[in-house]
Amino acid sequence: MKVQAYGHPRGHDEVAVVDGDLGERRFVAVYRTGGRVTGALAVGVPPKAIRQGRQAIAAGAAWHEAVPGPQGRGAVGTGHGAAGTVGSRGFAGGGA
């Protein structure tokens with residue numbers, strides 16, 4: 001299983017699965033610290049799947065701009081090791 005990480009996924013305030021499915025162990029998650037996207041994690045997906053997460057981190061993207069959904073968005077929880085399911089998927093702004 002391929003695991004890719006970028007940025008700072010430790011010490012986060014919130015994590016959101018933006019693509020894939022936790023149960024199938026194929027997903028991309030992004031991490032928030034303060035109001036910014038600070039980390040990305042891809043599990044069981046091709047390397048290009050984490051591209052938008054890397055770009056959001058490099059650009060200093062605001063959480064609400066990068067992650068769709070009602071809370072900032074598609075959030076699965078807060079704190080370290082948060083997990084769960086989400087209703088909306090994908091990075092805001094689309095494109096790959």
Side-chain angles (χ1 to χ4, degrees):
M1 176 178 303
K2 187 162 188 86
V3 177
Q4 305 163 77
Y6 186 81
H8 301 280
R10 298 180 98 181
H12 62 277
D13 296 324
E14 187 171 8
V15 61
V17 173
V18 294
D19 194 19
D21 186 274
L22 290 173
E24 293 178 11
R25 296 184 181 179
R26 294 179 50 88
F27 63 90
V28 177
V30 292
Y31 295 80
R32 173 182 70 82
T33 303
R36 300 279 173 208
V37 176
T38 56
L41 176 71
V43 176
V45 296
K48 68 179 181 178
I50 198 171
R51 183 180 301 148
Q52 286 183 298
R54 290 192 324 253
Q55 291 171 343
I57 295 163
W63 179 256
H64 70 277
E65 293 172 353
V67 182
Q71 266 188 325
R73 322 270 213 197
V76 292
T78 58
H80 307 284
T85 59
V86 296
S88 56
R89 302 246 193 267
F91 285 92

Closest non-hydrogen atoms of Asp13 and Gly34, given as atom of the first, atom of the second and distance, are OD2-N, 2.7 Å

Between Gln4 and Pro47, the two heavy atoms sitting closest are OE1-CA, 3.2 Å

Partner of Arg26 under side-chain contact (heavy atoms from CB on, under 4.5 Å), picked from Asp19, Asp21, Val45, is Val45

Shortest non-hydrogen pair, Thr33 vs Gly11, comes out as OG1-O, 3.8 Å

Taking every heavy atom of Ala42 against every heavy atom of Val28, the minimum-distance pair comes out as CB-CG2, 4.2 Å

Residue set satisfying side-chain contact (heavy atoms from CB on, under 4.5 Å) with Ala62, at least two apart, ordered chain then number -> Arg36, His64, Glu65

Query - Within-4.5 Å side-chain heavy-atom neighbours: Tyr31 and Arg10 - result: no

* Asked: Does the side-chain contact (heavy atoms from CB on, under 4.5 Å) test come out yes or no for Arg25 and Met1, once each step is laid out?
  -> CA-CA 9 Å; Arg25 296 184 181 179; Met1 176 178 303; 3.9 Å; yes

Those residues at least two apart in sequence (or on a different chain) that pass side-chain contact (heavy atoms from CB on, under 4.5 Å) with Phe27 are Val17, Leu22, Ala29, Leu41, Val43

Output for pair (Gln55 CD, Tyr6 OH), nearest 0.5 Å, gives 10.0 Å

Here the pair of heavy atoms bringing Gly53 nearest to Ala40 is CA-CB, 4.2 Å

In this structure, CD1 of Ile57 is separated from CD of Gln52 (nearest 0.5 Å) by 12.0 Å

Looking only at heavy atoms, the pair that brings Ala16 and Val67 closest together is CB-CG1, 3.8 Å

